[in-house]
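Data first, discussion second: the structure below is written as structure tokens.
Only this structure's heavy atoms are used, side chains among them; waters, hydrogens and symmetry mates stay out. Just so you know, these numbers come straight off a predicted model, no measurement behind them. Chain letters run A, B, ... following the sequence lines, proteins first, then strands; residues in each count from 1.
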There are 2 protein chains.
Amino acid sequence: MDTLFLSKTDLFRGIPPEDIQSMLGCLKAATKNYQRGEFICREGETVTAMGMVLSGSVSIENDDIWGNRSILDRVGAGQIFAENYACLPGEKLMISAVVNEPTEVLFLSTDCMFTVCPHACGFHNRLIRNMLTIAARKSLSLSRRIVHTSSKSIRGRLLSYLSFQATQHGCRAFDIPFNRQQLADYLSVDRSAMSNELSKMQRDGIITVDRNHFVLLQSDHL
Amino acid sequence: MDTLFLSKTDLFRGIPPEDIQSMLGCLKAATKNYQRGEFICREGETVTAMGMVLSGSVSIENDDIWGNRSILDRVGAGQIFAENYACLPGEKLMISAVVNEPTEVLFLSTDCMFTVCPHACGFHNRLIRNMLTIAARKSLSLSRRIVHTSSKSIRGRLLSYLSFQATQHGCRAFDIPFNRQQLADYLSVDRSAMSNELSKMQRDGIITVDRNHFVLLQSDHL
DNA sequence: ACAAGTATGTTGTTATAACAACAAGGAGGA
DNA sequence: TCCTCCTTGTTGTTATAACAACATACTTGT
């Protein structure tokens, strides 16, 4: 196991590689490889371990009864997923984890996080604190998505998202990390309708758009 | 301070009242009273402590530039709020906390959760684990809201929400904890349009509705 | 029981988003 | 370079949600 890699992840941050090695046993660490399209876990199941993507990437998605797919998160190397379910034993998954490309996943049991560790390793506390930080960040990004999709118009959602991006970048001009379809999925709107609205906003002099590059022209929205 | 009350909250669960008393100093505990309509904290600010509602209730809301209000959470006695921001120092609030009724709030600093406690109290770990559980539960409820609002039609959102409620109650007949306006806000739709859709669904034989009481008539949606 | 204030259901109109279908641009591979 | 695939923008049509306005319950307090 590449403990040097692990020591650079948010989860193991601040824990020396050699200590990580000894913790992995406690965490019942196990790796598994997946092919593109495979499910790591499915809606309705329960899990006892969280996953960390070692290489490749995983989509956290929800499919409704009509087959509409909604991507809630995209998890890349070094990031964890299903940690909330692992922390709440018996909780049924409301999402599925699907592999985007050949991916290696490290499973880590949360059992020994919630019981007193028999080895009393001092770094367990650090691990739990790291988990808390990760959980807080994830919570904020979920809240952010809710905020960005709370407007009832496409324009409102776009302005909410774009003005946030502008403040994040500290600049009215910035690139976004989504293509059109992904942005539409994120904002829960139709892609072509969104494309259309972007054009209108450009005609109205609110923004300029070129592919992934955006410029906000009016300061009122910042 | 009513440590017996605190020992029954999710945050202090499993910690004896006398130990809570000694922890409160560490957590820089301070209480403050608010009147209806007062802001505890506002969008754009930063906080260094989380809040626990001792009595009364608090709404966590986001207001967009057009004045549209979106309620993200309602926090009652014994529950905490702003804990994600307290765990991420410097992070600007994307929401405001507004008091619904005369409310007493206990502020708890998270400083000593992330540094090694000088008093080395064994219950600090328990506190952090409790935080983690709370964070996991809150994350799930945010995800759930995203899932319930990801359908593009009002009917789809209602079915998503109602079928979840049915599985939660383990029964096709159940009461919901929202009135119409609150449900509409939760699902990000117009109240009257939603009311209309509920009537249509009733006419279509999918559900029966009476005030807060719902019955799902078709099993395909469970 | 009454009055005042809320909450809910209903209707019609209007705005807007979804949808489908297509055209025009890149991007990447043979 | 050409060909193909994928992404993006555009248009017109249709479905649907927002909105406004109102009537009819329900609540609550007196």
Side-chain angles (χ1 to χ4, degrees), chain A residues 36-37 59 64-71 74 100-101 148-162 175-215, chain B residues 36-37 59 64-71 74 100-101 148-162 175-215:
Chain A
R36 173 178 164 80
S59 282
D64 70 18
I65 43 173
W66 298 280
N68 299 314
R69 175 160 305 176
S70 167
I71 311 279
R74 204 164 283 257
N100 298 320
E101 55 198 300
H148 291 153
T149 54
S150 65
S151 169
K152 283 175 193 125
S153 68
I154 294 183
R155 179 172 293 205
R157 296 186 189 193
L158 283 167
L159 284 174
S160 175
Y161 174 75
L162 294 174
D175 288 0
I176 64 167
F178 290 136
N179 65 25
R180 290 289 181 274
Q181 185 60 61
Q182 291 167 333
L183 181 57
D185 287 345
Y186 180 79
L187 298 178
S188 294
V189 297
D190 178 74
R191 179 199 61 78
S192 73
M194 186 188 75
S195 232
N196 198 349
E197 191 63 40
L198 283 171
S199 302
K200 280 188 202 162
M201 288 165 75
Q202 201 160 200
R203 249 173 278 142
D204 292 351
I206 298 175
I207 58 170
T208 65
V209 195
D210 180 47
R211 294 259 155 185
N212 289 355
H213 190 74
F214 288 75
V215 183
Chain B
R36 172 178 166 80
S59 282
D64 69 19
I65 42 173
W66 298 281
N68 298 314
R69 173 160 305 177
S70 167
I71 312 280
R74 203 165 283 257
N100 298 318
E101 56 198 297
H148 290 153
T149 53
S150 64
S151 169
K152 286 177 192 123
S153 68
I154 294 183
R155 179 172 294 205
R157 296 186 188 193
L158 283 168
L159 285 174
S160 175
Y161 175 75
L162 294 174
D175 288 0
I176 65 167
F178 289 136
N179 65 26
R180 290 289 181 274
Q181 186 60 61
Q182 291 168 332
L183 180 57
D185 287 345
Y186 181 79
L187 298 177
S188 294
V189 297
D190 179 74
R191 180 199 60 78
S192 74
M194 185 188 75
S195 231
N196 198 348
E197 191 63 42
L198 282 171
S199 302
K200 279 187 201 158
M201 290 165 75
Q202 201 161 199
R203 249 173 277 141
D204 292 350
I206 298 175
I207 59 170
T208 64
V209 194
D210 181 46
R211 293 259 154 187
N212 290 353
H213 190 74
F214 288 76
V215 184

What's the [atom1]-[atom2] distance between [X] and [N], to the nearest Å?
X        : N      : atom1 : atom2 : answer
A:Glu197 : C:dT16 : CD    : C1'   : 9 Å
B:Met201 : D:dT16 : CE    : P     : 14 Å
B:Asn212 : C:dT6  : CG    : C1'   : 14 Å
B:Arg157 : D:dA17 : CZ    : C1'   : 10 Å
B:His213 : C:dA7  : NE2   : C1'   : 19 Å
B:Asn196 : D:dT16 : CG    : P     : 12 Å
B:Leu187 : D:dA17 : CG    : C1'   : 14 Å

- prompt: Where is the tightest heavy-atom contact between B:Asn100 and B:Arg36, given as atom of each residue plus distance?
  reply: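 In this case the closest contact between B:Asn100 and B:Arg36 is O-NH1, 2.9 Å.
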
- request: For B:Asp175 and B:His213, work out which heavy atoms get closest and say how close.
  value: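 What the structure gives for the nearest pair is OD1-ND1, 2.5 Å.
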
field: All side chain to side chain contact (heavy atoms under 4.5 Å, CB included) counterparts of A:Thr208, not counting sequence neighbours
entry: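 A:Thr208 satisfies side chain to side chain contact (heavy atoms under 4.5 Å, CB included) with A:Gln202, A:Val215, A:Leu217 only.
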
- prompt: Sequence neighbours excluded, which residues qualify as side chain to side chain contact (heavy atoms under 4.5 Å, CB included) partners of B:Asn179?
  reply: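 Here the qualifying residues are B:Gln181, B:Gln182.
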
Check: protein-nucleotides 20-28 of chain C nitrogen or oxygen pairs below 3.5 Å:
residue, atom, partner, partner atom, Å
C:dA20, N6, A:Ser192, OG, 3.4

- prompt: Taking the side chain of B:Ser199 as heavy atoms from C-beta outward, which of D:dA17, C:dA17, C:dT10 is closest to it?
  reply: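 The listed nucleotide nearest to B:Ser199's side chain is C:dT10.
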
Closest nucleotide among C:dT8, C:dA17, D:dA18 to the B:Ser195 side chain: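 Taking heavy atoms from C-beta onward, the closest nucleotide is C:dT8.
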
Residue closer to the 5' end of DNA chain D, A:Ala193 versus A:Lys152 (nearest nucleotide):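 That would be A:Ala193.
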
- prompt: Any side-chain heavy-atom pair from A:Leu183 and A:Leu158 closer than 4.5 angstrom?
  reply: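 Heavy-atom side-chain distance check passes, below 4.5 Å.
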
message: Classify the ring geometry of B:Phe178 against B:Tyr186: parallel below 30°, tilted from 30° to 60°, perpendicular beyond 60°.
response: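 It falls in the tilted class, 30° to 60°.
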
